[in-house]
Amino acid sequence: MKNEKNVSALNGYLFLFIILLILAGSFIMFIRTDIFVWLLLIPIAVFMIRGLILVNPNSSKVLLLFGKYVGTVKKNGLFWVNPLYLRRTISLRASNFDSERLKVNDKLGNPVMISTILVWRVTDTYKAAFDVDDYQNFVRVQTDAAVRKLASMYPYDNFADEGLDEDITLRSSVNEVSEALEKELQERLSMAGIEVLEARIGYLAYAQEIANAMLKRQQATAIVAARHKIVEGAVSMVEMALEKLGKKDIIELDEERKAAMVSNLMVVLCSDKDVSPIVNTGTLNH
């Protein structure tokens, strides 16, 4: 047998009542008669007590008889089974696992720190009990392996200025990365009878040795992008100013003075600090 088999156990309340009757009868025989049959009834009652099992909600009991898998009891309540059965409890509840922060290399070779949050549960008790040694440890080890593989498939971030423009990155493509992680984990954990309910990145950052350098790089990229926007706006404003002055015949400027005016406006509009103008109290020629 390679798959889970659901079995129905006998009513535990009925057998509990029978056990209590046997114990009560042996006690009465001990008091009122000299017959030592009660000495046999007590071991029988104790043997029957061992057959009682309690199955809590979202839990299960895997039953074994001399090393052979008999079946799994998933229905919750009090039941009675063969006292010779060995029983192993396996939880069917959803479990949450937060992996350790691993240091791995992304697709571009940059070291990053990454961890994942996994929500999983057992769906096949036979595979969880017998196909792997310790299914909980199996989840931890395979999760770490899947995260390492995932990190090597995608870059941490885009570097469009260096011609490295990826569609999916670890930082920005949260949904795509989570789907890929769930698929990878489901393939790895299916052999243990485990269903992946959710998997997502819990922590993501550059490793300490390159974090400062990458932060400066991101700041420089942001500054360059901002400067690009400022220059575009300044050029538009200068062009508009020259056009307005020409249309309204406010003043006529030769090419040299236009160049000087453009230079001054660009300095004023693109400067990091407020410009302190020098007022010309003479003529345009001085």
Side-chain angles (χ1 to χ4, degrees), residues 1-98 117-143 182 185-186 188-199:
M1 184 178 294
K2 296 295 183 181
N3 295 312
E4 178 184 87
K5 176 184 176 183
N6 291 324
V7 296
S8 298
L10 299 176
N11 191 315
Y13 296 100
L14 175 61
F15 278 86
L16 179 62
F17 179 72
I18 294 173
I19 292 170
L20 292 176
L21 285 180
I22 294 174
L23 291 175
S26 62
F27 180 73
I28 293 173
M29 293 177 65
F30 171 74
I31 295 176
R32 296 187 177 183
T33 66
D34 295 332
I35 303 175
F36 293 96
V37 178
W38 61 272
L39 293 175
L40 298 176
L41 295 178
I42 292 179
I44 292 174
V46 172
F47 182 72
M48 292 181 66
I49 288 175
R50 193 180 181 281
L52 293 173
I53 60 172
L54 180 64
V55 183
N56 296 317
N58 284 326
S59 183
S60 65
K61 295 287 185 180
V62 177
L63 306 178
L64 292 172
L65 180 61
F66 302 121
K68 181 180 179 181
Y69 174 67
V70 176
T72 302
V73 179
K74 288 187 174 181
K75 187 177 180 181
N76 60 295
L78 182 64
F79 302 98
W80 190 87
V81 296
N82 189 335
L84 297 177
Y85 285 167
L86 292 178
R87 287 148 280 184
R88 179 178 176 183
T89 302
I90 294 182
S91 175
L92 304 178
R93 300 182 182 93
S95 299
N96 190 54
F97 171 61
D98 188 1
I117 297 175
L118 174 66
V119 182
W120 59 277
R121 67 181 176 188
V122 175
T123 56
D124 192 316
T125 56
Y126 177 87
K127 292 181 178 180
F130 306 114
D131 283 358
V132 294
D133 184 32
D134 183 349
Y135 68 92
Q136 293 181 336
N137 184 62
F138 185 79
V139 170
R140 290 191 291 270
V141 174
Q142 292 301 319
T143 299
E182 287 183 16
L185 283 170
Q186 188 60 67
R188 291 172 177 267
L189 300 180
S190 59
M191 66 174 296
I194 292 172
E195 177 188 6
V196 176
L197 301 177
E198 182 186 4

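Hydrogens, waters and symmetry mates play no part in the numbers below; they use all other heavy atoms, side chains included.
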Measure the shortest side-chain to side-chain distance between [X] and [Y] over non-hydrogen atoms and say whether it is less than 4.5 angstrom.
X: Val73; Y: Tyr85; result: no
X: Val132; Y: Asn137; result: no
X: Tyr135; Y: Leu189; result: no

**Study point:** Residues forming a side chain to side chain contact (heavy atoms under 4.5 Å, CB included) with Ala199, sequence neighbours excluded
**Key:**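 Result, side chain to side chain contact (heavy atoms under 4.5 Å, CB included) vs Ala199: Leu118, Leu181, Glu182, Leu185, Val196.
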
Check your understanding: Of all residues at least two apart in sequence or in a different chain, which pass the side chain to side chain contact (heavy atoms under 4.5 Å, CB included) check with Asn11?
Key ->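 Testing Asn11 for side chain to side chain contact (heavy atoms under 4.5 Å, CB included), a comparison that skips the adjacent residues, returns Tyr13, Leu14.
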
Check your understanding: Does Ser91 have any side chain to side chain donor-acceptor pair (under 3.5 Å) partners at least two apart in sequence or in another chain, and if so, which?
Key ->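 Partners of Ser91 by the side chain to side chain donor-acceptor pair (under 3.5 Å) criterion come out as none, since no residue qualifies.
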
Point to revise | side chain to side chain donor-acceptor pair (under 3.5 Å) partners of Arg88, counting only residues at least two apart | key: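 Residues passing side chain to side chain donor-acceptor pair (under 3.5 Å) with Arg88: none at all.
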
Which distance, rounded to the nearest 0.5 Å, do you find between the [atom1] of [X] and the [atom2] of [Y]?
X: Phe15; Y: Ile22; atom1: CZ; atom2: CD1; answer: 10.0 Å
X: Leu10; Y: Leu78; atom1: CG; atom2: CG; answer: 11.5 Å
X: Glu198; Y: Asn96; atom1: CD; atom2: CG; answer: 8.5 Å
X: Asn6; Y: Lys75; atom1: CG; atom2: NZ; answer: 12.0 Å

Review point. Is the number of heavy atoms from other residues, nucleotides or ligands within 6.0 Å of CZ (Phe17) greater than 12?
Key: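 Atom CZ in Phe17 is not crowded, with 12 or fewer foreign heavy atoms closer than 6.0 Å.
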
Check your understanding: Are there more than 12 heavy atoms of other residues, nucleotides or ligands under 6.0 Å from atom CG of Asp133?
Key ->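 No - once you tally the heavy atoms of other residues, nucleotides and ligands closer than 6.0 Å, there are 12 at most.
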
Review point. Between Tyr69 and Phe130, how do the two ring planes meet: parallel, tilted or perpendicular, split at 30° and 60°?
Key: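 Answer is perpendicular, since the angle exceeds 60°.
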
Point to revise | Minimum heavy-atom distance between Val122 and Trp120, given as atom pair plus value | key: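 Heavy atoms of Val122 and Trp120 come nearest at CG2-CZ3, 4.0 Å.
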
**Study point:** Where Gly71 and Val7 come nearest, the two heavy atoms and their spacing
**Key:**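 Scanning both residues, the minimum pair turns out to be CA-CG1, 3.8 Å.
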
Review point. Mind checking what makes salt bridge (Lys or Arg N to Asp or Glu O under 4.0 Å) contact with Lys74, not counting sequence neighbours?
Key: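 Applying salt bridge (Lys or Arg N to Asp or Glu O under 4.0 Å) to Lys74 gives Glu4.
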
**Study point:** Flag, side chain of Gln186 to backbone of Ile194, donor-acceptor distance under 3.5 Å
**Key:**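 Checked: pair present.
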
Point to revise | Criterion side-chain contact (heavy atoms from CB on, under 4.5 Å) on Leu16 and Trp80, from CA distance to verdict | key: CA-CA 9 Å; Leu16 179 62; Trp80 190 87; over 6 Å; no

Show me, pair by pair, the donor-acceptor contacts under 3.5 angstrom made by side chains of residues 42-63, not counting sequence neighbours?
residue	atom	partner	partner atom	Å
Arg50	NH1	Pro83	O	2.1
Ser60	OG	Ile90	O	2.8
Lys61	NZ	Thr89	OG1	2.6

Practice item. Quick one: do Met191 and Phe138 satisfy side-chain contact (heavy atoms from CB on, under 4.5 Å)? Show the steps, please. Key: CA-CA 10 Å; Met191 66 174 296; Phe138 185 79; 3.8 Å; yes

